[in-house]
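Here the structure comes first, spelled out in structure tokens, and everything after it is commentary.
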2 protein chains.
Amino acid sequence: MQDRTRELRGSAPLLESALRQFAVVGFEGASLQRIAADAGLSKSSVLYHFASKEALLDAALRPAVEDLAGVVDEMARIADAAPRRAFLVRFVDYLLEHRLAIAVIFNHGQALAGHAVIDEADRLVRDLADRLAPGQGGEREVLRFGVALAGAAFMLVAADRWAPAHVPDDELRAGLVDVLGEFVLGPAAQPA
Amino acid sequence: MQDRTRELRGSAPLLESALRQFAVVGFEGASLQRIAADAGLSKSSVLYHFASKEALLDAALRPAVEDLAGVVDEMARIADAAPRRAFLVRFVDYLLEHRLAIAVIFNHGQALAGHAVIDEADRLVRDLADRLAPGQGGEREVLRFGVALAGAAFMLVAADRWAPAHVPDDELRAGLVDVLGEFVLGPAAQPA
DNA sequence: CAGCGTACTGCACGATCGGTCAGTGCCCGC
DNA sequence: GCGGGCACTGACCGATCGTGCAGTACGCTG
């Protein structure tokens, strides 16, 4: 395997096709052939821009992981202050923006353990959980946080499958802010 | 494809191997070769007992789906009565017993849409959600239920990945009953 | 012992997998 | 105009995919 990966500037549609395939059928189930066809080019062309299938996965997930690092930083700065709800809105926005990547990381994370991006994402999520549930009695808090986050990750891509009609993003965002707020901030933090 | 499937009586280890592979790498990512090797027999032998890869998926998920139908029935009978918490305990037990199948249905459901078992499982889950959130204002309730259920499904197989040490089933069960109870029964239903 | 069904296997098949490589057309600086 | 790099492609490779098929070892029944 050559280690030279040509970082294509205008590769957004290709990365989105890859992300969609990875999210739906998983990394092993997705084929370069299908990803390439979906993006409108040949398999060879995909492997011209990205040295391997794994490099493609890395490039597809990288933006979400880097943004997650920013989110965790932000969370660390506000610490235990009041504007937790504002942070929650910001976090739900992050989830919506990177919904496909989030689906890959959560739904297929176990199969992808060992890949650098996934391990980094896992570490960041654990960081976030630890920060939300400090102290030694936090195991229950971590469980609550895990359920809320993974559940949100699922609904991001499954909401349409359950709802009778397409759920607009705005509605989904409002719902997730409410539900997650109730879940991780406690019922006392409910809005008016 | 021949439609004759020999229903093997002592095929439990084979079905469990299949389930584990499907849960980790998804249906398309899992290979009959690896499933067979994991169960200690040849690929041909697997295809002797199950007419195709899809038939194997069906057989592996069938028990969980049938049990789910029972759970939904039970839920329908207790309706709006008080013993909801008892039902929740029963439900978490169900999740723990079929944790691999649950992981397949939730994490890879989108890729498996169209397969009979998956569609049936989807229908049952929707039934359950509708029963928990009746009326026209229930969209938010459905979202809450989806987040809680999918989150629980995730933690069933991911708890060990996040925790510093292995999480015993008893602990996981207790935690899920608490967290899900708080989530779908409302904070008022908290135990002493 | 003969005969049959059951559990299981090795082998072969066409298709598809990820990946390599030798081109090919095109734009851009000289 | 022309040389060189850039984006892209088809042909090809060995491996593996799901599946079909013929054959084999074994245990039961007659």
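Labels below follow one simple rule: chain letters A, B, ... track the order of the sequence lines, proteins then strands, and each chain is numbered from 1. For clarity, every value in this text was computed on a predicted model and none was experimentally measured.
- Between A:Met155 and A:Leu172, the closest heavy-atom pair is O-CD2, 4.3 Å.
- What separates CG of B:Leu57 from P of D:dG18 is a distance of 13 Å, to the nearest Å.
- By the 4.0 Å N-to-carboxylate-O rule, A:Glu120 lies close enough to A:Arg62 to be salt-bridged with it.
- Close to D:dA7, at under 4.0 Å from its OP1 or OP2, lies no side-chain N or O of A:His49.
- Listed pair A:Tyr48 / D:dC8 fails the phosphate criterion, with no side-chain N or O lying under 4.0 Å from OP1 or OP2.
- Separation of atoms CZ (A:Phe154) and CD (B:Gln110) is listed at 8.5 Å; rounding is to 0.5 Å.
- Comment: B:Asp169 engages B:Arg99 in a salt bridge, judged by a side-chain N to carboxylate O separation of less than 4.0 angstrom.
- For the pair B:Leu47 CG and C:dC13 P, the interatomic distance rounds to 18 Å; values are reported in whole Å.
- Here A:Ser45 does not reach the OP1 or OP2 of D:dA7: none of its side-chain N or O atoms lies under 4.0 Å away.
- At a cut-off of 3.5 angstrom, the base of C:dG10 holds at least one donor-acceptor pair with the side chain of B:Ser44.
- Within 4.0 Å (heavy atoms only), A:Ala30 reaches sugar-phosphate atoms of the nucleic acid but no base atom.
- Close to C:dC17, at under 4.0 Å from its OP1 or OP2, lies a side-chain N or O of A:Gln33.
- Atom pair B:Phe50:CZ and C:dC8:C1' shows a separation of 14 Å (rounding to whole Å applied).
- Per the geometry, CD1 belonging to A:Ile35 stands 10 Å off P belonging to C:dC17, to the nearest Å.
- Between the NZ atom of A:Lys53 and the P atom of C:dG19 there is a distance of 8 Å, given to the nearest Å.
- Atom pair A:Leu56:CG and C:dC17:C1' shows a separation of 15 Å (rounding to whole Å applied).
- If you take CD of A:Gln21 and P of C:dC17, they are 11 Å apart, rounded to a whole angstrom.
- Atom pair B:Lys43:NZ and C:dA7:C1' shows a separation of 18 Å (rounding to whole Å applied).
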What do the steps show when you test B:Met75 against B:Phe87 for side chain to side chain contact (heavy atoms under 4.5 Å, CB included), and what is the final call?
CA-CA 7 Å; B:Met75 171 69 192; B:Phe87 170 75; 3.4 Å; yes
